Amino acid sequence: MAPKFQIKVFQLSRFLKNFTIISVISLSFLLVFFSKTDYYVIYGIKNISSSVVIPVTRFISAPINAFSNFVDEYNQFKSLKFENKILQEEIIRLKKWQTLAIQNSRENKVLKKLLNATDNNLILIKTASLINRNDTIYSKLINLNAGYEDKIKKNMSAINERGLVGKVIDTTAKNSRVILLTDPNLSISVKSISDGIFSLLTGNGDGKYLVSAFVKENKMPRLGDIVVTSGTAQIFPVDLLVGKVAKVEKNRFFVLPFVDFENIDYLQIVTSK
Amino acid sequence: MEFPKFLNSSLKLNIILIISFSISVNSFILFPSVNNAFYVLFHLTFIYLIFYHYHYYLYVVALVYGILFDILLLNYIGAHLITFLSLLIFFVLLKKYLIKLSYYQIIFIYFITLIVLLLFEQFLANIIYNYKFNVFLILNFFLISLIIFIPTIFLFNKLDK
């Protein structure tokens with residue numbers, strides 16, 4: 001009886017091993033296929049990853065996060081005096097601008113009424129805060145604490161007080177993912193304010209600059225020109241601030257974004273009217 | 001007596017996998033290289049597990065981490081999952097040749113596997129989802145691999161006694 005029993009155990013173990021291997025390989029190929037076709041199974045997995053995995057990974061990496069925050073606060077404390085001086089000077093400068101802006105705003109309203117122009121205001125969907133960021137390796141992605149329950153949809157624009165930050169690429173019930181402008185795989189159609197030169201910008205791999213991928217009629221903007229969204233691709237609302245032309249080469253130009261991507265705490269998810 | 005010993009070092013390596021995964025998917029603005037270092041460490045640990053602690057449960061490990069890495073770093077499933085599973089399949093096919101190699105040859109193969117794995121992930125991301133090949137990232141990975149490879153081997157040898 002004993003040898004028979006041994007053979008049975010061996011066969012079962014081998015069957016289990018082969019079954020695991022074959023099912024894992026076939027499941028992975030199915031998942032790659034579903035991911036390509038945006039099947040709802042993938043949304044389920046993404047939902048689990050954002051609601052379960054991200055909090056767990058944040059908990060495990062909390063010591064490094066705490067250390068990073070401590071270093072950040074120490075650096076801020078060190079530069080407090082210097083920053084204070086700069087801020088005082090900026091307050092004086094901004095007060096002058098404020099009076100000018102109020103005058104301009106009144107003038108603008110009157111002129112709009114005269115021209116019978118329609119407002120190009122944005123609709124604010126939700127102000128969300130940042131949960132975590134995955135912008136070091138591969139894509140430049142950040143996760144926000146608001147999802148489709150807050151009426152956030154795919155392809156909506158994410159902005160902050162400085163300008164355009166990115167685009168919503170995925171939403172789950174309570175979370176959404178935003179791809180940053182600096183991602184090399186995101187293209188935005190822009191125009192320069194002074195010359196109205198249309199071009200396409202993408203992230204430049206280094207995570208700092210945006211580089212032109214296409215310039216209409218090969219006309220290069222001038223150094224220091226301000227670049228805004230053109231609204232031609234109908235993904236981003238028109239006239240959102242993007243950045244300033246920082247470097248112009250023969251066939252391409254570089255833009256330094258207005259947004260400080262390293263200091264994002266809150267984002268506004270907007271769409272055009 | 002052998003089984004608990006195997007479980008012990010294997011368990012330690014799996015804990016390293018979880019920690020390195022968690023740190024690599026949470027970006028730290030002040031220390032971006034920390035993410036890259038732990039990302040490379042994850043790959044080193046996974047290859048070490050396959051080379052020295054091969055077991056078919058690693059297919060499930062490859063499946064889980066492959067999916068999570070893909071979703072958290074690329075937002076699409078593909079590159080990491082296929083790479084990890086391909087590594088396991090290649091190892092099973094080439095195991096009989098690897099056993100015959102000397103210690104230094106295995107170390108060399110280990111390092112080459114790491115670099116090929118990191119390159120293959122970028123290549124697959126490019127092929128499947130049109131992700132642009134990031135030269136900065138590849139150079140960063142290569143540099144980090146050079147720095148942490150020997151200390152990691154030393155640490156793993158200590159863990160394995």
Side-chain angles (χ1 to χ4, degrees), chain A residues 16-18 20-25 27-29 31-36 38 42 45-46 48-50 53-54 56-65 67-69 71-72 75 132-143 169-170 177 179 183-185 202-203 205-207 261-263, chain B residues 18-36 38-40 55-64 66-82 84-85 88-89 92 121-122 124-125 128-137 140-141:
Chain A
L16 196 73
K17 182 183 162 184
N18 289 341
T20 313
I21 294 169
I22 291 166
S23 50
V24 163
I25 290 169
L27 181 68
S28 56
F29 276 99
L31 284 172
V32 174
F33 176 72
F34 288 155
S35 184
K36 266 276 196 196
D38 266 359
I42 303 302
I45 296 171
K46 282 180 182 174
I48 293 167
S49 76
S50 60
V53 179
I54 288 176
V56 172
T57 59
R58 282 192 72 191
F59 176 75
I60 294 171
S61 58
I64 294 184
N65 211 6
F67 180 70
S68 170
N69 289 341
V71 173
D72 191 30
N75 286 342
N132 86 320
R133 33 195 320 154
N134 310 118
D135 60 337
T136 316
I137 308 165
Y138 289 100
S139 303
K140 311 270 178 222
L141 301 170
I142 55 171
N143 297 302
I169 54 162
D170 241 318
R177 305 195 94 187
I179 186 165
D183 191 294
N185 300 293
T202 62
D206 61 356
F261 291 98
E262 292 183 355
N263 288 311
Chain B
I18 295 172
I19 294 170
S20 50
F21 167 77
S22 302
I23 295 171
S24 59
V25 297
N26 281 289
S27 302
F28 307 103
I29 294 301
L30 288 177
F31 315 107
S33 294
V34 170
N35 290 101
N36 294 346
F38 277 92
Y39 184 74
V40 173
H55 191 270
Y56 68 93
Y57 86 89
L58 285 173
Y59 282 89
V60 182
V61 170
L63 179 82
V64 173
I67 291 171
L68 292 177
F69 261 131
D70 280 333
I71 284 182
L72 295 175
L73 299 181
L74 288 158
N75 205 41
Y76 297 104
I77 296 170
H80 291 89
L81 181 60
I82 295 173
F84 292 161
L85 287 175
L88 273 162
I89 293 164
V92 173
E121 280 161 4
Q122 285 249 348
L124 279 181
I128 307 173
Y129 297 110
N130 279 333
Y131 272 86
K132 282 185 186 166
F133 217 85
N134 195 337
V135 184
F136 292 101
L137 196 65
N140 206 327
F141 284 157

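The chains referred to below are lettered A, B, ... by the order of the sequence lines, with proteins before strands, and numbering in each begins at 1. Every value quoted in this text rests on a predicted model; they were computed, and no experiment measured them.
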Q.
Checking the side chain of A/Lys140 only, and the main-chain atoms of A/Asn134 only, is there a donor and an acceptor separated by less than 3.5 Å?
A. no
Contact leader toward chain A among [options], where contacts are heavy-atom pairs under 4.5 Å:
options: B/Leu63, B/Asn35, B/Leu73; value: B/Leu73
options: B/Asn140, B/Leu58, B/Leu81; value: B/Leu81
options: B/Ile18, B/Asp70, B/Leu85; value: B/Leu85
options: B/Phe141, B/Phe136, B/Phe28; value: B/Phe28
options: B/Leu74, B/Ile67, B/Asn134; value: B/Leu74

Heavy-atom cut-off 4.5 Å, strictly under: side chain, backbone, both or neither for [X] against chain B?
X: A/Asp135; result: both
X: A/Arg177; result: side chain
X: A/Ser23; result: neither
X: A/Asn185; result: side chain

Where on [X] is there a heavy atom nearer than 4.5 Å to chain A: the side chain, the backbone, both, or neither?
X: B/Val135; result: neither
X: B/Leu137; result: side chain
X: B/Leu72; result: both
X: B/Leu68; result: side chain

Q) Checking side chain to side chain contact (heavy atoms under 4.5 Å, CB included) against A/Leu27, which of A/Val24, A/Ile25, A/Leu31 comes through? A) A/Leu31
Q: Assess the pair A/Tyr138 and B/Tyr131: is the distance between their ring centroids shorter than 6.0 Å?
A: no
Most contacts with chain B, counted as non-hydrogen pairs under 4.5 angstrom, among [options]:
options: A/Ile21, A/Ile169, A/Ile179, A/Val53; result: A/Ile21
options: A/Asp170, A/Ile137, A/Asn69; result: A/Ile137
options: A/Asp183, A/Ile64, A/Ile48; result: A/Ile64

Q: Fit a plane to each ring of B/Tyr39 and B/His80, take the angle between them on a 0 to 90° scale, and name the class: parallel (under 30°), tilted (30 to 60°) or perpendicular (over 60°).
A: perpendicular
Any chance you could measure [X], atom [atom1], to [Y], atom [atom2], to the nearest 0.5 Å?
X: A/Phe67; Y: A/Ser61; atom1: CZ; atom2: OG; answer: 14.5 Å
X: A/Ser28; Y: B/Tyr59; atom1: OG; atom2: OH; answer: 11.0 Å
X: B/Phe38; Y: B/Asn26; atom1: CZ; atom2: CG; answer: 12.0 Å
X: B/Ile71; Y: B/Tyr76; atom1: CD1; atom2: OH; answer: 11.5 Å

Q) Should B/Phe69 and B/Ser24 be marked as a side chain to side chain contact (heavy atoms under 4.5 Å, CB included) after you check the CA-CA gap, both sets of side-chain angles, and the distance that decides it? A) CA-CA 9 Å; B/Phe69 261 131; B/Ser24 59; 3.5 Å; yes
Q. Can you find a side-chain donor-acceptor pair between B/Ser27 and A/Thr136 that sits under 3.5 Å?
A. yes
